[in-house]
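Here's the structure, in structure tokens; my notes come after.
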Amino acid sequence: MPYFGRITGDTSQNNDGATDITSTNTTTYEQGFVTASRMDGWTERSFSKNITAGVDFMDNVVAQISDYKMEVKQAILLAILSGIFSMTEDDTVAGQAATEFLAKHVYDISSYSGEDGVVGAGTLNKAIQKACGDNKGIFKLAIMHSEVATNLENLRLLKYLTYTDADGIQRDLTIGTWNGRTVLIDDGMPTEDVSADDDVDGEGYTKYTTYVLGSGSIILDDIGDSVPYEMDRDPAVNGGQDTLYVRDRFICGVDGISFEKPSSVTASASNTDLANGENWNIINDGEKAISHKAIALCKIVSRG
């Protein structure tokens, strides 16, 4: 797909009435996306219904499909972010751009002990300013572990949204905000245990990853499958059984970063492929890369 370059005011020329205008052109890059297809199936025996007074076990499966789909998308999202923050650093244009991006867009305070190693009042603002400077306003969403969220709650930095019902009673929602950014809390976020032997304090600790995203920074759209749902019945096996098959296809991409298809990827990228940093490059034309400030992704690593 084309990725269009931007015009800036840096090339503005003085109009003194006697100077010809010098025109420039924008640079158009190429950006790679990848499709991730997923499938699954669940089988329930008819006999189960016979011995449970008519309870339909397949209805139970169907009722959980929406949660299943969210878990699938979540796993894909975390795999993409893992790949982005492990891009290859080398002497190529892409590698140099990756080095600059990782230096600016990763804010790691986990090496500090005590309160300095956990998120605080200024952590988010410092992290997004380091990443995008005066463009830090592009960040809209933070995804964090409940341990990090609990620390923010204790500091009264995490505020939960509220709504007022028809009776005028105000209630808290499960969605919070941190410095004006929407917060999602999920214990599926990456963690890393550091042993006491590797800790300068000799106690050991856990590193928690928090991702901060800008609007539209991740492209993860459901593009559908030709046959997304399918039921099959086998009347002979186990006295009769029904199977529900589910298929999903997603288009995956990151604004400002291209997926470069390696030989190992087939018609669908696995989560392992998406989490491989060698498969991602900051958009470039072999001579220059786009500015890291245009990429609305930030990673905070803390002790909680």
Side-chain angles (χ1 to χ4, degrees), residues 1-13 20-37 76-108 127-139 211-221 223 249-299:
M1 297 287 291
Y3 186 92
F4 299 105
R6 297 181 58 84
I7 61 173
T8 68
D10 297 339
T11 58
S12 179
Q13 301 151 46
D20 295 338
I21 298 175
T22 302
S23 66
T24 58
N25 64 289
T26 61
T27 301
T28 299
Y29 304 90
E30 292 181 353
Q31 180 176 11
F33 293 81
V34 65
T35 298
S37 299
I76 293 175
L77 172 62
L78 292 180
I80 291 173
L81 289 169
S82 177
I84 294 304
F85 285 98
S86 58
M87 287 187 293
T88 302
E89 302 177 68
D90 54 32
D91 292 333
T92 64
V93 172
Q96 292 173 359
T99 298
E100 182 180 25
F101 171 81
L102 294 174
K104 297 289 187 179
H105 291 249
V106 177
Y107 188 65
D108 191 343
I128 60 178
Q129 188 280 328
K130 178 186 177 184
C132 292
D134 58 4
N135 198 31
K136 66 181 183 180
I138 61 178
F139 291 98
Y211 290 120
V212 191
L213 313 178
S215 179
S217 59
I218 302 291
I219 297 90
L220 183 53
D221 294 332
I223 57 177
R249 294 178 70 238
F250 303 94
I251 186 72
C252 307
V254 179
D255 188 26
I257 300 178
S258 181
F259 186 89
E260 305 296 331
K261 182 179 179 181
S263 58
S264 60
V265 175
T266 59
S268 171
S270 67
N271 287 350
T272 300
D273 296 321
L274 296 173
N276 187 346
E278 295 180 357
N279 297 341
W280 298 93
N281 280 329
I282 292 179
I283 293 174
N284 67 92
D285 62 359
E287 297 181 359
K288 62 179 180 180
I290 67 169
S291 171
H292 72 89
K293 288 186 176 182
I295 304 172
L297 296 175
C298 178
K299 177 181 178 180

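In what follows, every heavy atom counts, from backbone to side chain, and hydrogens, waters and symmetry copies are set aside.
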*Take I290 and N284, measure what side-chain contact (heavy atoms from CB on, under 4.5 Å) needs, and give me the verdict at the end.*
CA-CA 6 Å; I290 67 169; N284 67 92; over 6 Å; no
*asked:* Please evaluate residues I80 and I84 with respect to the criterion side-chain contact (heavy atoms from CB on, under 4.5 Å), reporting the C-alpha separation (whole Å), side-chain torsions for both, the decisive distance (0.1 Å), and the verdict.
replied: CA-CA 6 Å; I80 291 173; I84 294 304; 4.2 Å; yes
*Step-by-step side-chain contact (heavy atoms from CB on, under 4.5 Å) determination, F259 to C252*: CA-CA 9 Å; F259 186 89; C252 307; over 6 Å; no
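Between A296 and F139, the shortest heavy-atom distance links the atoms C-CE2, 3.4 Å. Of all heavy-atom pairs spanning A275 and S86, the tightest one is O-OG, 3.7 Å. Here the closest heavy-atom approach between residue V34 and residue A269 is recorded as CG2-CB, 3.6 Å. The two atoms that bring S37 and S268 nearest to each other are N-OG, 2.7 Å, heavy atoms only.
The backbone N or O of D273 lies less than 3.5 Å from no partner atom in the side chain of N276, so there is not a single donor-acceptor pair. When atom types are taken as modelled, the side chain of K130 and the backbone of A103 share a donor-acceptor pair closer than 3.5 angstrom. Within the 3.5 Å criterion, the main-chain N or O of I283 finds no donor-acceptor partner in the side chain of N281. Side-chain atoms of D255 do not come within 3.5 Å of backbone N or O of G216 as any donor-acceptor pair.
Here the CD1-CG distance, from I295 to L213, works out to 13.0 Å after rounding to the nearest 0.5 Å. One distance of note links CZ of F250 with CG of D221; it measures 10.0 Å at 0.5 Å rounding. Considering CG of D134 and NZ of K293, their distance stands at 5.0 Å, rounded to 0.5 Å. Separating the CD1 atom in I76 from the OG atom in S270 is a distance of 10.0 Å, to the nearest 0.5 Å. Atom-to-atom distance recorded for Q96:CD and E89:CD is 11.0 Å, nearest 0.5 angstrom.
Atom CD of Q13 has more than 12 neighbouring heavy atoms from other residues, nucleotides or ligands inside a 6.0 Å radius. Residue-environment remark: CG (D91) stays at or below the threshold of 12 foreign heavy atoms within 6.0 Å.
The shortest distance between side-chain heavy atoms of D20 and T22 does not fall below 4.5 Å. Within the 4.5 Å cutoff, no side-chain heavy atoms of I282 are placed close to those of E100. Using a 4.5 Å cut-off on side-chain heavy atoms (C-beta onward), L274 and N279 make no contact. Under the 4.5 Å side-chain criterion, counting only non-hydrogen atoms from C-beta, T88 is not in contact with W280.
Each of H105, H292, K104 was checked for a side chain to side chain contact (heavy atoms under 4.5 Å, CB included) with C132, and the lone residue meeting it is H105.
When the side chain to side chain donor-acceptor pair (under 3.5 Å) test is applied to S258, the partners found at least two apart in sequence or on another chain are E260. F85 is linked by a ring pair (Phe, Tyr, Trp, His ring centres under 6.0 Å) to F101, Y211, counting only residues two or more places apart in sequence or in another chain.
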